[in-house]
Amino acid sequence: CNFYIMQLRPVPSSHNKMEATFRWRSAPSSQIIGRRRVHLNASAAACIRAAADPLSFPLLPQQDVGREIRQRICREHIAGGYLYLEAGSLIKRNGPDVFHRFRADSDFVYTTGCYDQPGAAALLDTETSSLTLMVEKQPDHAAFWMGPQPSPDELAENFGADRVCYTSDLGAFLREQARGQDIHVTNAAAKETIRAALSGTSSASGGPSGSHTNDSQEDNKNNGVQSNEMRNGRIIDEFLPRVLQRCRSQKTDAELGCMLAASKVSREGHLAAWLASKRNPGSHEFFLEGAFTGAVLSAGANDLGYPCIVGAGPNAAILHYEANRSQIQLGDLVLIDAGAEVRCYTADITRTFPAGGKFTSRQLDVYNSVLAVQELAISRMELGAVWTEVDAAARNLLLQQLLDLGLVKGSIESLLEKRIDRVFMPHGLGHFLGLDVHDMSAEGMVPPQGAQLAQGNVITVEPGIYFIDTLLKKAANDAEMAKMLNWDNISAFRTEVGGVRIEDNVAVGVNGGREGPEGVLNLTMAAGVPKAPWAIESIMQ
């Protein structure tokens with residue numbers, strides 16, 4: 001068969017970049033790479049082709065991305081009226097004036113593209129798709145503390161807003177432009193901001209300004225706000241959240257461009273962490289966290305999508321481990337679950353690698369088992385596929401791999417009945433991804449029972465095998481479960497492995513996708529993030 005052979009070699013530079021050389025050739029099903037014969041299955045060949053010839057999802061100007069999204073929201077929101085969203089406020093870290101770095105609410109970012117203006121608000125006219133962006137006006141003295149505030153014209157240019165004004169103008173805007181119109185909001189706090197602005201008691205502040213009240217006609221009359229100021233317009237929070245959930249779950253091509261860019265930036269961080277581990281034996285987990293963070297920020301990320309998970313040895317079996325304080329031993333496997341944001345769209349990538357640059361035999365066996373499960377799951381993903389069926393197929397293969405490793409005993413049916421798969425992989429196969437690492441849909445963060453994969457869904461695929469003491473002890477105390485586990489082998493693997501997870505981000509329904517008949521694109525592989533064990537070892541040499 002014809003396929004690309006990809007050879008990776010370090011390029012001396014301050015950024016530890018890799019150079020990829022591709023050449024097209026006809027060859028047998030295995031190839032000598034370095035001193036190792038690598039057998040290329042169909043999935044591996046597809047991944048190599050995707051990396052060599054990725055789909056073109058350019059990073060479009062934010063104004064164009066935002067206009068397309070707003071037009072889509074307005075088409076979906078058939079209830080009409082105005083949509084009101086808030087960016088949120090600064091969150092205090094400690095002391096009277098130390099705050100976390102601001103990052104706007106994801107619904108606000110989705111609608112406006114603006115993520116760095118605390119206290120901002122937006123009104124979207126569903127009839128015209130016209131966006132009014134409102135920002136807090138800084139006092140003059142704030143300029144020499146925080147830097148100059150962008151002008152309204154600059155904000156309009158940056159985000160494609162049709163009008164930019166200050167949040168103090170919200171009440172006047174509603175009375176003049178939205179009289180008699182329904183105002184749709186996402187939460188009770190936004191209702192109170194609207195009511196306060198109309199009554200003239202406060203301006204929009206991006207946060208709550210009162211308690212949750214009922215919106216019935218009688219309640220409007222009692223408040224004396226909507227009936228007097230808006231001529232019977234209502235403030236409604238029933239429809240907008242569901243519309244945003246539906247829209248956000250199905251990415252546009254422009255959004256996929258942001259997510260592919262986030263994956264490419266994240267690749268730099270993962271490679272930097274691998275090389276930092278190899279070149280600095282005996283370093284701590286936080287050293288690799290720093291290598292990842294520095295590399296992605298240098299490559300253009302606006303932030304991390306979530307706190308880095310860097311778990312070495314037994315810490316790799318802690319699913320959401322964030323302490324990152326332990327010293328890394330030479331023979332450890334290191335699990336890094338980390339992703340960068342570009343325009344607030346995040347990657348969510350997990351790779352597991354040997355701290356010293358070479359897998360042991362047991363480590364490699366477990367790693368290849370997890371990789372096989374992931375490849376099967378991705379091969380089952382296509383437009384209209386039922387996610388729970390993909391998950392079930394992956395768990396069946398997981399149990400077969402555990403049988404082959406000599407870790408469990410019995411039939412797959414009996415092992416499933418006793419949920420032995422959950423002893424070694426207690427989490428789900430994946431979740432939606434986008435502006436939030438656990439992104440939203442109308443059904444939640446994970447496709448529910450019977451849900452089909454839809455156009456534009458981006459889902460993580462992240463199987464794992466872990467040796468988790470609490471789950472193993474619980475199984476040991478269950479007589480039936482205990483008989484299904486090979487404790488001698490578990491003890492040997494537990495000491496040497498800890499845990500393995502491999503996580504890619506997969507887009508469904510992409511026109512011209514390279515990995516499936518229905519246009520499935522593995523964004524992580526298209527960004528060139530290696531996962532074949534030979535590729536990881538080659539990079540770390």
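The model shown is predicted, which means the values in this text are computed figures rather than measured ones.
Atom-to-atom distance recorded for Glu68:CD and Thr252:OG1 is 4.5 Å, nearest 0.5 angstrom. The CZ atom of Arg70 sits 7.0 Å away from the CG atom of Leu124 when rounded to the nearest 0.5 Å. Atom CG of Leu260 and atom CZ of Phe57 lie 8.0 Å apart (nearest 0.5 Å). Remark: Leu85 CG to Thr112 OG1 distance equals 8.0 Å, nearest 0.5 Å. Here Asp303 contributes atom CG and Glu341 contributes atom CD; the two are 5.5 Å apart, rounded to the nearest 0.5 Å.
Checking side-chain atoms of Ser199 against main-chain N and O of Ala196 turns up a donor-acceptor pair under 3.5 Å. Counting only distance, with no hydrogens or angles, the side chain of Asp337 and the backbone of Thr350 share no donor-acceptor pair below 3.5 Å. Using a distance-only test at 3.5 Å, with no hydrogens or angles considered, a donor-acceptor pair links the side chain of Ser249 to the main chain of Arg246. The backbone N or O of Gly113 lies less than 3.5 Å from no partner atom in the side chain of Arg343, so there is not a single donor-acceptor pair. Put simply, the side chain of Gln149 gets close to the backbone of Glu136: a donor and an acceptor are under 3.5 Å apart. A donor-acceptor pair under 3.5 Å is formed between the side chain of Asn324 and the backbone N or O of Val310. In terms of modelled atom types and a separation under 3.5 Å, the side chain of Lys251 and the main chain of Gly257 share no donor-acceptor contact. The closest donor-acceptor contact from the side chain of Gln250 to the backbone of Ala454 lies at 3.5 Å or more, if one exists at all.
Note on residues 123-149: no pairs pass ring-ring contact (aromatic ring centres under 6.0 Å, His included), not counting sequence neighbours. Every pair passing ring-ring contact (aromatic ring centres under 6.0 Å, His included) that includes a residue from residues 433-457 is listed here, sequence neighbours excluded: His431-His438.
The distance between the ring centers of Tyr306 and His320 does not fall below 6.0 angstrom.
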